[in-house]
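The structure appears below as structure tokens.
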Amino acid sequence: GELSLAGVEDEYVAELNERRAAEGAGTLARNATSDEAAAYYNKATVAAVAGDGAGPDREAFGRFALTCDRPSVVSYRVAPERTGGSVSDFENETALATALVDSYVERGNAFRGGDTVGVDVHVAPDDTVFVTYVVC
């Protein structure tokens with residue numbers, strides 16, 4: 001649609017931090033290197049699902065100068081049925097980001113400890129949204 005995925009990623013971090021703070025988990029600072037690692041992981045995941053690759057290699061994180069030795073990687077898919085419709089149906093980046101964080105939280109997932117975060121959001125042609133975030 002007309003949404004900026006970079007804007008969705010910014011709003012995702014803001015919403016994630018709001019939820020983390022409410023749970024006493026502390027907030028995370030956005031980190032460009034972690035963004036690059038998340039983008040690598042997410043793109044490799046999307047390629048594997050599309051049949052164009054073998055998927056992400058955790059050993060590949062060694063090529064990124066992350067702020068930690070053992071990053072926490074969270075990667076998940078959100079089907080259009082779970083977000084309530086097509087990505088183009090969302091009013092703005094904040095609404096989509098909130099739906100994506102809701103999907104993560106509603107599945108009973110815990111927040112990962114750390115200081116920094118990188119995030120990547122990709123929308124497939126069928127409106128499935130792929131989200132990966134890396135916490136150090």
Side-chain angles (χ1 to χ4, degrees):
E2 296 182 20
L3 300 179
S4 159
L5 289 183
V8 172
E9 292 166 358
D10 290 342
E11 293 301 323
Y12 184 93
V13 172
E15 182 66 23
L16 182 66
N17 274 332
E18 188 175 305
R19 303 282 181 95
R20 289 175 60 86
E23 295 290 324
T27 59
L28 302 168
R30 188 92 183 259
N31 178 278
T33 304
S34 295
D35 279 341
E36 292 171 7
Y40 156 75
Y41 197 94
N42 209 23
K43 287 178 176 132
T45 300
V46 171
V49 170
D52 295 331
D57 177 7
R58 279 195 63 92
E59 299 302 317
F61 280 110
R63 70 179 173 201
F64 298 98
L66 294 170
T67 60
C68 63
D69 292 331
R70 298 178 64 185
S72 293
V73 179
V74 175
S75 187
Y76 62 102
R77 291 181 257 183
V78 183
E81 306 81 53
R82 195 160 180 96
T83 60
S86 169
V87 169
S88 61
D89 292 340
F90 284 89
E91 178 180 317
N92 55 38
E93 289 81 357
T94 302
L96 178 55
T98 299
L100 297 175
V101 174
D102 285 347
S103 180
Y104 178 76
V105 172
E106 289 168 359
R107 296 175 193 203
N109 294 307
F111 294 119
R112 310 299 170 108
D115 298 313
T116 64
V117 65
V119 65
D120 185 74
V121 174
H122 177 82
V123 180
D126 69 352
D127 271 333
T128 297
V129 182
F130 291 77
V131 179
T132 297
Y133 70 89
V134 175
V135 176
C136 277

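If you're wondering where the values come from, they're calculated on a predicted model, not measured in any experiment.
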Task: Arg19 to Tyr104 six-membered ring, cation-pi geometry met (6.0 Å, 45°) - done: no

TODO: Check for a donor-acceptor pair, side chain of Arg20 on one end and backbone N or O of Ala25 on the other, with a separation under 3.5 Å.
DONE: yes

- [ ] State whether the side chain of Asn31 and the backbone N or O of Gly118 hold a donor-acceptor pair below 3.5 Å, judged by distance alone.
- [x] no

Open item on the list: One thing to verify: whether Asp102 and Arg82 come together as a salt bridge, which I'm taking to mean a side-chain N less than 4.0 angstrom from a carboxylate O.
Closed with: no

For a quick test of your reading: what N or O donor-acceptor pairs under 3.5 Å do the side chains of residues 45-53 make, sequence neighbours left out?
| residue | atom | partner | partner atom | Å |
| --- | --- | --- | --- | --- |
| Thr45 | OG1 | Tyr41 | O | 2.9 |

Open item on the list: Within the supplied structure, the quantity of interest is the number of heavy atoms (other residues, nucleotides, ligands) at a distance under 6.0 Å from Asp69 CG; does it exceed 12?
Closed with: no

Task: Enclosure of Arg107 CZ (heavy-atom neighbours >12, cutoff 6.0 Å) - done: yes

Task: Test log, rule side chain to side chain donor-acceptor pair (under 3.5 Å), inputs Thr132 and Asn42 - done: CA-CA 6 Å; Thr132 297; Asn42 209 23; 3.0 Å; yes

Answer whether the closest heavy-atom distance between the side chains of [X] and [Y] falls below 4.5 Å.
X	Y	value
Glu15	Thr98	yes
Val123	Val129	yes
Asn109	Val74	no

Task: Qualifying residues under salt bridge (charged side-chain N to carboxylate O under 4.0 Å, His left out), relative to Asp35, sequence neighbours excluded - done: Arg30

Should [X] and [Y] be regarded as members of a common hydrophobic cluster, given that ILVMFWY residues are connected when their side-chain heavy atoms come within less than 4.5 Å of each other, either directly or indirectly?
X	Y	result
Phe90	Val101	yes
Val119	Val134	no
Tyr133	Phe64	no
Phe61	Phe130	no
Val78	Val87	yes

- [ ] Kindly give the heavy-atom pair with the smallest separation between Leu66 and Ser34, and that separation in Å.
- [x] CD2-OG, 3.6 Å

Task: Minimum-distance pair of heavy atoms, taken over all atoms of Ser86 and Asp127 - done: OG-OD2, 2.7 Å

To the nearest 0.5 Å, what is the distance between [atom1] on [X] and [atom2] on [Y]?
X	Y	atom1	atom2	answer
Asp10	Leu5	CG	CG	11.0 Å
Asn92	Glu2	CG	CD	12.5 Å
Lys43	Asp120	NZ	CG	5.5 Å
Glu11	Leu100	CD	CG	12.0 Å

TODO: Quick one: which residue pairs count as a disulfide (SG to SG under 2.5 Å) with a foot in residues 49-136, not counting sequence neighbours?
DONE: Cys68-Cys136

TODO: Starting from the C-alpha separation in whole Å, work towards a yes-or-no answer on side-chain contact (heavy atoms from CB on, under 4.5 Å) for Thr67 and Asp115.
DONE: CA-CA 9 Å; Thr67 60; Asp115 298 313; over 6 Å; no

TODO: Quickly, which of Glu81, His122, Arg77 forms a side-chain contact (heavy atoms from CB on, under 4.5 Å) with Thr128? Name it, please.
DONE: Arg77

